[in-house]
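One structure is given below, encoded as structure tokens.
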Amino acid sequence: MSSANQPVQGMSDIAAPEVHLWQRMEQLARDVMVRYGFEELRTPVVEFEAVFTRSLGETTDVVQKEMYVFEKGGRRLCLRPEGTAGVMRYAAGLGAAETDGARWYYIGPMFRSERPQAGRKRQFHQCGVECLEPPSPLVDAEILALQVDLLRAWGLGDCEVRLNTRGESGGQAQVAEGLRAALAPRAAELCEDCRRRMAANVLRVLDCKNETCRAIVAELPPSTDFMSEASRAYLQQVAEHLDALGVSYRLDPLLVRGLDYYEHTVWEIASTALGAQNAVAGGGRYRMRLGGRELVGTGFAIGLERVVGVLQALGRENALQTPPPKLVWLVGLGDEALRQNLALMQQLRAAGIACRMASGGSMKSQMRAANKSGAAWALIRGDDELAQGVAALKDMVAGTQETLPVDQLATVLAARIAGPAS
RNA sequence: GUGGAUAUAGCUCAACUUGGUAGAGCACCAGAUUGUGGUUCUGGCUGUUGCGGGUUCAAAUCCCGUUAUCCACCCCA
């Protein structure tokens with residue numbers, strides 16, 4: 001294969017039959033989110049760079065090295081690396097009356113310039129929600145319940161939810177300090193990465209994969225010890241609401257979320273069916289300041305490529321496939337029949353019937369094309385049929401054939417498509 | 001950004017170790033007494049061996065570079 005016809009590194013074409021799975025997933029997602037009172041919000045793929053640098057955190061890897069940034073007309077622009085900041089940029093331009101109680105969802109492509117690997121594309125797709133109701137453990141629990149509901153609709157009702165808190169935003173510096181102090185005596189034993197993380201982002205030490213680091217982390221006091229009583233109580237209430245909602249979860253004090261805007265409730269849903277990139281979805285409560293307004297909300301994002309990956313790994317993708325529409329393939333023998341078939345095809349389409357035809361060729365080759373396309377029927381006309389005002393309708397599965405008047409075709413076919421499976 | 005593996009027909013792969021200008025299956029196209037697909041039989045088409053350079057009389061094969069893919073680190077959904 002030549003490099004000229006490949007897509008850009010880390011970006012993929014999604015074609016049939018897999019694209020049918022995507023369409024179905026998106027349809028189910030919209031159905032579920034609408035039931036929870038969410039409206040779709042479509043924000044641009046291109047945003048000002050500052051929208052993300054200010055909200056995700058200047059020091060996060062996403063901002064520092066993964067964004068596609070470019071300059072146009074003297075403005076620093078970028079391709080969105082995630083969905084929340086763009087939604088909040090939109091919200092910041094509204095009045096409080098419009099953002100209070102807002103519930104938005106989005107589905108679309110995101111871009112991060114990372115090295116591609118299993119479950120990690122440079123253009124990937126997320127489905128997420130943002131809820132701007134007044135902060136409450138009840139809202140957090142409801143949003144998590146929505147996410148679990150959505151995964152269940154896709155056939156992933158058995159994923160494990162890990163839940164944790166980052167504490168109120170005012171106390172996060174204390175948490176970092178506390179952890180740093182607790183780690184300090186054993187800093188020399190930590191891996192090279194973790195020694196760097198101690199200064200840059202202590203929380204990341206908690207989910208290091210290195211064995212000796214994990215052993216050290218296991219002996220640390222839980223990070224909630226460094227939080228306020230109110231922060232611990234908030235988490236406790238979220239847990240109680242989740243119990244009431246029937247959502248199962250596991251409290252995991254080592255769960256870390258990467259972006260700076262999170263506060264209080266955070267969660268993540270992973271699947272062992274995936275490789276190293278096993279996080280399927282994540283979410284939490286956040287606070288960010290944009291355009292002079294401070295916005296608080298709860299939201300989540302789901303990586304659609306990863307959901308597809310889990311479904312395929314577990315062999316569940318077929319459960320979401322819907323049967324393709326029944327297709328009628330028009331076969332014409334001779335130029336006049338082809339011409340009249342073209343007009344007939346448009347009449348049938350106008351009646352809601354899916355139709356195709358070949359531009360010519362022998363009857364054999366046209367029938368072969370009909371078969372290859374998976375057409376349910378072949379509709380055959382030659383000079384004899386034209387003269388009599390009829391058409392031969394062949395059932396491609398049963399192999400049976402009958403002759404019908406042309407003016408009855410639309411009603412007969414429509415009835416058979418709607419009726420019981422043939 | 002770092003590391004490992006890989007790159008041959010539309011697809012899955014063989015030939016590479018022991019250099020001698022590529023082959024199979026599937027797919028595709030066409031026929032099997034001139035109006036019927038899917039099965040069968042017969043025949044046919046397909047490649048600047050990812051790209052660039054080097055060694056050699058000769059490179060898919062050996063060497064260097066480069067690009068891409070896969071996997072892992074890192075990070076995240």
Side-chain angles (χ1 to χ4, degrees), chain A residues 1-12 56 59-67 81-84 107-128 147 151 159 191-194 196-197 200-201 203-204 207-210 256-259 262 267-271 274-284 299-310 329 331-334 337 358 361-385 392-401:
Chain A
M1 193 191 302
S2 107
S3 58
N5 49 27
Q6 285 189 342
V8 170
Q9 182 180 35
M11 316 217 172
S12 298
L56 308 195
T59 61
T60 58
D61 278 25
V62 173
V63 164
Q64 280 196 335
K65 44 191 187 191
E66 295 171 7
M67 288 216 295
E82 59 101 59
T84 302
I107 302 176
M110 309 294 165
F111 303 83
R112 293 184 199 175
S113 181
E114 304 172 273
R115 191 79 163 259
Q117 75 183 78
R120 189 165 78 183
K121 294 284 184 188
R122 289 184 167 182
Q123 173 174 338
F124 59 104
H125 298 79
Q126 285 188 339
C127 164
Q147 191 172 29
L151 290 168
C159 285
C191 72
E192 199 181 322
D193 283 332
C194 281
R196 177 180 52 79
R197 289 178 181 127
N201 189 357
L203 290 177
R204 276 287 161 209
D207 66 355
C208 181
K209 291 171 184 171
N210 183 292
V256 177
R257 303 283 302 154
L259 307 177
Y262 286 110
W267 64 82
E268 191 166 299
I269 300 174
S271 170
L274 294 176
Q277 307 299 320
N278 62 357
V280 170
F300 67 68
I302 304 177
L304 297 182
E305 276 83 357
R306 293 190 185 173
V307 170
V308 169
V310 177
W329 193 282
V331 174
L333 304 167
S362 67
M363 179 163 194
K364 199 180 190 72
S365 69
Q366 290 187 52
M367 287 300 290
R368 242 202 298 264
N371 184 64
K372 188 182 164 193
S373 75
W377 296 280
L379 191 59
I380 305 160
R381 291 206 294 178
D383 291 340
D384 294 349
E385 285 81 359
L393 182 66
K394 177 164 187 172
D395 184 313
M396 294 297 281
V397 177
T400 55
Q401 189 167 319

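Naming: A, B, ... by sequence-line order, numbering from 1 per chain.
Mapped onto RNA chain B by nearest heavy atom, A/Gly282 and A/Cys208 fall at different nucleotides, with A/Cys208 at the one closer to the 5' end. Toward the 5′ end of RNA chain B lies the nearest nucleotide of A/Ser113, the other residue of the pair A/Arg306 and A/Ser113 mapping further downstream.
Comparing B/G38 with B/C28, their P atoms sit 10 Å apart, to the nearest whole Å. One C1' atom belongs to B/G25, the other to B/U8, and the distance between them is 15 Å to the nearest Å. Going from the C1' atom of B/G50 to that of B/C70 covers 15 Å, rounded to whole Å. As rounded to the nearest Å, B/C29 and B/A9 have C1' atoms that lie 15 Å from one another. Comparing B/C51 with B/A7, their C1' atoms are spaced 11 Å from each other, to the whole Å. If you take atom P in B/A5 and the same atom in B/G43, they sit 44 Å apart, rounded to whole Å. The separation of B/A30 from B/A22, taken at their P atoms, amounts to 29 Å, rounded to a whole angstrom. With both ends at atom C1', the span from B/U6 to B/C13 equals 14 Å, rounded to whole Å.
Pairing each heavy atom of A/Met363 with each of A/Val331, the nearest pair is CG-CG1, 4.5 Å. Nearest heavy-atom pair across A/Arg257 and A/Gly283 is NH2-N, 3.6 Å. Pairing each heavy atom of A/Pro116 with each of A/Gln9, the nearest pair is CG-CG, 4.1 Å. Closest heavy-atom contact between A/Glu385 and A/Ile380: CG-O, 4.0 Å.
Rounded to an integer number of Å, the gap from CE of A/Met67 to P of B/A77 is 14 Å. For the pair A/Lys209 NZ and B/C71 P, the computed distance is 14 Å after rounding to whole Å. The CE-C1' distance, from A/Met11 to B/A68, rounds to 14 Å in whole Å. Computed from coordinates, the A/Glu192 CD to B/U2 C1' distance equals 12 Å when rounded to whole Å. If you measure from atom CD of A/Glu268 to atom C1' of B/A77, you get 8 Å, rounded to the nearest angstrom. When rounded to the nearest whole Å, the span between CG of A/Leu259 and C1' of B/C75 equals 10 Å. When rounded to the nearest whole Å, the span between CG of A/Asp207 and P of B/C75 equals 8 Å. With rounding to whole Å, A/Leu203 atom CG is found 17 Å from B/C74 atom C1'.
Here A/Gly10 lies in heavy-atom contact (under 4.0 Å) with sugar-phosphate atoms only. Using a 4.0 Å heavy-atom distance criterion, A/Ala118 is classed as a sugar-phosphate-only contact. Base contact: A/Gly119 has a heavy atom under 4.0 Å from a base atom. Within 4.0 Å (heavy atoms only), A/Gln117 reaches at least one base atom of the nucleic acid. Nucleic acid contact class of A/Gln277 (heavy atoms, under 4.0 Å, all strands): base.
In this view, A/Arg197 satisfies the salt bridge (charged side-chain N to carboxylate O under 4.0 Å, His left out) rule with no residue, not counting sequence neighbours. A/Lys364 meets the side-chain contact (heavy atoms from CB on, under 4.5 Å) test with A/Ser362, A/Arg368; sequence neighbours excluded. For A/Asp207, the salt bridge (charged side-chain N to carboxylate O under 4.0 Å, His left out) partners two or more places apart in sequence, or in a different chain, are A/Arg204. A/Trp267 is linked by a side chain to side chain donor-acceptor pair (under 3.5 Å) to A/Gln147, counting only residues two or more places apart in sequence or in another chain.
Using a distance-only test at 3.5 Å, with no hydrogens or angles considered, no donor-acceptor pair links the side chain of A/Gln123 to the main chain of A/Ser12.
Comparing B/A77, B/G1, B/A68 by their closest approach to the side chain of A/Arg115 singles out B/G1. Picking from B/C75, B/U69, B/A77 the nucleotide with the shortest atom distance to the side chain of A/Ala301 gives B/A77.
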Check your understanding: Could you run down nucleotides 27-40 of chain B 5' to 3' and tag each one B, S or - for protein heavy-atom contact under 4.0 Å?
Key -> -S-S----BBBB--

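Side-chain contact between A/Trp329 and A/Leu379 is absent, with no heavy-atom pair separated by less than 4.5 Å.
An OP1 or OP2 oxygen of B/A77 is reached within less than 4.0 angstrom by a side-chain nitrogen or oxygen of A/Arg257.
Of the residues A/Arg122, A/Lys65, A/Glu66, the one that meets the side chain to side chain contact (heavy atoms under 4.5 Å, CB included) test with A/Glu114 is A/Glu66.
Helical stems involving RNA chain B, defined as 3 or more consecutive Watson-Crick or G-U pairs under 3.5 Å, span B:1-7 with B:67-73, B:10-13 with B:23-26, B:28-32 with B:40-44, B:50-54 with B:62-66.
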